[in-house]
Structures are given as C-alpha cells and as structure tokens.
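Read the structure below first, then the notes.
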Amino acid sequence: MNGTLFHKILIGFAFSPNLKANVFEAMRLADFLGSHLYFIHVGSKSPAKEKTFTDILEESPVQPKKLTVLWEEGKPVETIQKQCGEKNIDLLLLGAMQRENMLKFYMGSIARKLTRNAPCSVLLLIKPSVIRKPSKHVIVNAFESSQTETTIKSGLYFSQALSASKLTLVEEVNRSEVAVEAVDDRSLRKVTLRKEKLKRRELSRVKEILSNIPKKLKEGINIQSQNIFGTRGYSIGHYAKVVRADLLVMNAA
C-alpha cells in the first residue's frame with residue numbers, strides 16, 4: 001500500500017516482564033504500517049536502563065525506518081498525553097492483561113485513564129509475543145454511527161498491512177429491538193421475522209458503506225457480515241473470542 005493511516009505510533013515502556021514482547025510487537029507493527037515509532041519512558045533515566053532497552057531494540061529482527069526513544073520526567077498520564085499531542089501521534093499502544101474471565105481485560109490505572117482520554121486511536125496489546133503470530137481474522141464493529149465508515153477503513157487497512165485474509169463486519173443488534181416474548185408459534189414467528197428484517201436492513205447499510213471504500217483496500221480480503229443480538233460492546237467481544245479473531249476494531253463511541 002502507498003502511504004499510511006497511522007504515520008506516528010507511540011508506546012510507553014516500563015521495565016516489566018512484558019517489556020521485550022511489547023517492544024517486538026511495536027517494532028513489527030510500525031514496520032508493517034510504515035510508521036514512525038516513538039518509545040517513551042516516564043521516569044528516571046540511568047545508563048543501566050538505557051543499555052537494557054537499547055539491547056532489546058537491537059535484538060529485534062525487525063527495525064522500523066524511523067524510531068525515536070523519549071525519556072521524560074513527570075506524571076505518566078499527563079506526560080504521555082502531552083507527547084501524543086506534541087508529536088501528532090495517530091496510534092497509541094497500551095498493554096492489557098487478561099483476566100480469568102476470557103471475555104474481559106483489565107489494565108493498570110495509567111493505561112485505563114489513557115484509554116478513556118487518548119487524543120488518538122488506541123490499540124490494546126492483549127497477548128504480546130516476542131515471536132510473531134500471523135494475523136488471519138479481523139473483526140470490525142459496524143454498528144450505525146458517523147464513525148463506522150472510518151472504522152471499517154481502518155480495519156481493512158490493518159488487514160492489508162498484517163496480511164489478514166478475512167475480515168468480518170459485525171453489527172450488534174440490541175435485544176430491545178426484537179423484544180417480543182416467544183410464548184407460542186405465532187409470537188416466535190413474529191420474533192423470527194423481525195430478526196430477518198433487521199438483518200436485511202443492516203446488510204444493506206453495510207453493503208452501501210463498502211461500496212464507497214476504494215477497491216484496492218478490499219483486494220485479497222474475504223469480507224463477511226454478521227449480525228449478533230445482545231448487549232452492545234459485550235456481545236462483539238464474546239463473538240471475537242468464539243471465532244478466535246486476531247484483532248478487534250471498535251468505534252470510539
């Protein structure tokens with residue numbers, strides 16, 4: 001692809017057990033996207049820390065063309081937000097950890113605050129890996145919103161960059177839209193017909209959005225649409241887990 005939607009990527013780093021995996025994931029992503037990669041450490045800088053980090057950078061088999069390491073003092077959230085603004089960051093990478101409940105993830109307080117107030121797109125690294133795990137399937141949230149077309153474009157862009165061959169556009173339909181109790185054959189048929197009508201409506205809407213997206217962005221990708229009924233936000237996370245998606249792309253709101 002020519003150009004990139006994400007010209008500049010920033011990731012904060014701490015000297016934690018996941019440091020090497022997070023660094024390698026960020027290096028690979030920046031290389032795939034053709035982005036300028038910024039690493040930032042908020043805290044004291046020492047020769048030992050600098051050497052440890054430099055050694056990890058040099059060990060990575062992938063080296064982005066543009067890479068900058070920032071060492072800053074201050075409060076982590078405010079400092080990272082400030083750098084995102086000053087450097088015109090397009091994508092902020094944050095580490096997240098999986099809970100025992102496979103459908104939920106939690107982050108430290110710093111990452112949580114940044115996610116809520118980030119001035120750019122955010123990518124949560126759920127299971128960072130030193131060794132690359134190829135991406136095959138991308139899920140994109142496609143519910144009706146002014147942001148949906150941009151979200152779908154971003155999903156397709158990532159699919160192309162990561163060589164993912166399959167992308168599923170998921171529309172979450174609130175159960176209240178089919179809130180008829182199926183107590184007999186007649187009411188069951190009514191619910192079924194209502195669901196089918198909603199599916200056709202959403203399929204038509206998504207098809208129209210796709211028609212406005214450049215063909216080059218869709219080349220080589222098996223694009224499918226899927227309607228699911230349930231609680232918005234939760235249902236798509238559950239669906240992504242069930243189909244073992246590699247990336248879930250969501251609207252900001």
Side-chain angles (χ1 to χ4, degrees), residues 1-7 9 25-26 28-35 62 90-91 93 96 98 102-103 105 121-129 131-174 177 192 195-252:
M1 290 180 301
N2 296 319
T4 177
L5 293 178
F6 302 97
H7 299 278
I9 297 174
E25 290 284 15
R28 283 192 293 264
L29 186 60
D31 183 61
F32 289 144
L33 297 176
S35 308
V62 176
D90 303 298
L91 181 64
L93 304 185
Q98 224 166 3
M102 295 292 286
L103 304 180
F105 303 96
S121 295
V122 175
L123 175 61
L124 300 181
L125 299 175
I126 304 301
K127 291 182 177 180
S129 175
I131 300 174
R132 188 199 173 201
K133 297 178 180 178
S135 298
K136 299 178 181 179
H137 189 187
V138 174
I139 301 291
V140 181
N141 136 247
F143 68 75
E144 193 167 3
S145 165
S146 59
Q147 302 176 19
T148 298
E149 184 170 340
T150 299
T151 302
I152 293 175
K153 284 181 179 178
S154 296
L156 286 166
Y157 184 83
F158 263 91
S159 297
Q160 293 285 1
L162 301 177
S163 299
S165 58
K166 182 179 179 181
L167 180 141
T168 302
L169 301 172
V170 176
E171 163 59 18
E172 293 175 286
V173 181
N174 197 301
E177 294 195 56
T192 301
K195 284 186 175 182
E196 289 302 319
K197 182 178 180 180
L198 288 170
K199 286 181 180 180
R200 289 194 298 271
R201 182 194 72 187
E202 294 307 317
L203 182 62
S204 177
R205 180 179 61 81
V206 171
K207 188 175 181 179
E208 183 177 354
I209 291 175
L210 284 173
S211 68
N212 295 323
I213 294 176
K215 290 183 178 180
K216 189 172 183 179
L217 207 54
K218 298 178 284 187
E219 285 179 357
I221 301 176
N222 177 14
I223 303 174
Q224 300 181 359
S225 295
Q226 178 68 49
N227 292 101
I228 56 177
F229 295 84
T231 304
R232 182 163 287 178
Y234 173 85
S235 300
I236 193 169
H238 177 75
Y239 178 80
K241 171 185 174 291
V242 170
V243 300
R244 297 184 178 182
D246 301 291
L247 177 67
L248 173 59
V249 183
M250 299 284 290
N251 286 353

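Worth knowing before you read on, the calculation uses all heavy atoms, side chains too, and leaves out hydrogens, waters and symmetry mates.
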For residues [X] and [Y], report the shortest heavy-atom separation together with the two atoms involved.
| X | Y | result |
| --- | --- | --- |
| K218 | L210 | NZ-O, 2.8 Å |
| Q160 | K216 | NE2-O, 3.4 Å |
| D246 | P134 | OD1-O, 4.1 Å |
| F143 | E171 | CA-OE1, 2.6 Å |
| F6 | S154 | CZ-OG, 4.3 Å |
| G155 | V140 | CA-CG2, 3.9 Å |

Taken in chain and number order and not counting sequence neighbours, the residues that satisfy side chain to side chain contact (heavy atoms under 4.5 Å, CB included) with A142 are T148, I152, L169, V206
Given the rule in the side chain to side chain contact (heavy atoms under 4.5 Å, CB included) test, do D90 and L5 qualify, once you have shown the distances and angles that lead to the verdict? CA-CA 8 Å; D90 303 298; L5 293 178; over 6 Å; no
Working to the nearest 0.5 Å, report the span between [atom1] of [X] and [atom2] of [Y].
| X | Y | atom1 | atom2 | answer |
| --- | --- | --- | --- | --- |
| S165 | H137 | OG | NE2 | 9.0 Å |
| L33 | I9 | CG | CD1 | 5.0 Å |
| K166 | Q224 | NZ | CD | 4.5 Å |
| L29 | L123 | CG | CG | 6.5 Å |
| L247 | S159 | CG | OG | 7.5 Å |
| I228 | T168 | CD1 | OG1 | 11.0 Å |

In the structure I gave you, are the side-chain heavy atoms of I236 and M250 within less than 4.5 Å of one another anywhere?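 Yes, side chains in contact.
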Decide yes or no for L124 and L248: does some side-chain heavy atom of the first lie under 4.5 Å from some side-chain heavy atom of the second? no
Are any of the side-chain nitrogens in R28 or E25 under 4.0 Å away from the carboxylate oxygens of its partner? yes
Hey, is K215 close enough to E219 for a salt bridge, meaning N to O under 4.0 Å?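 No.
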V170 and Y239: side chain to side chain contact (heavy atoms under 4.5 Å, CB included), yes or no, with the steps? CA-CA 9 Å; V170 176; Y239 178 80; 3.7 Å; yes
Kindly write out the residues that satisfy side-chain hydrogen bond (donor to acceptor under 3.5 Å, both in side chains) with R132, not counting sequence neighbours, or none if the list is empty.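 With sequence neighbours excluded, R132 shows a side-chain hydrogen bond (donor to acceptor under 3.5 Å, both in side chains) to no residue whatsoever.
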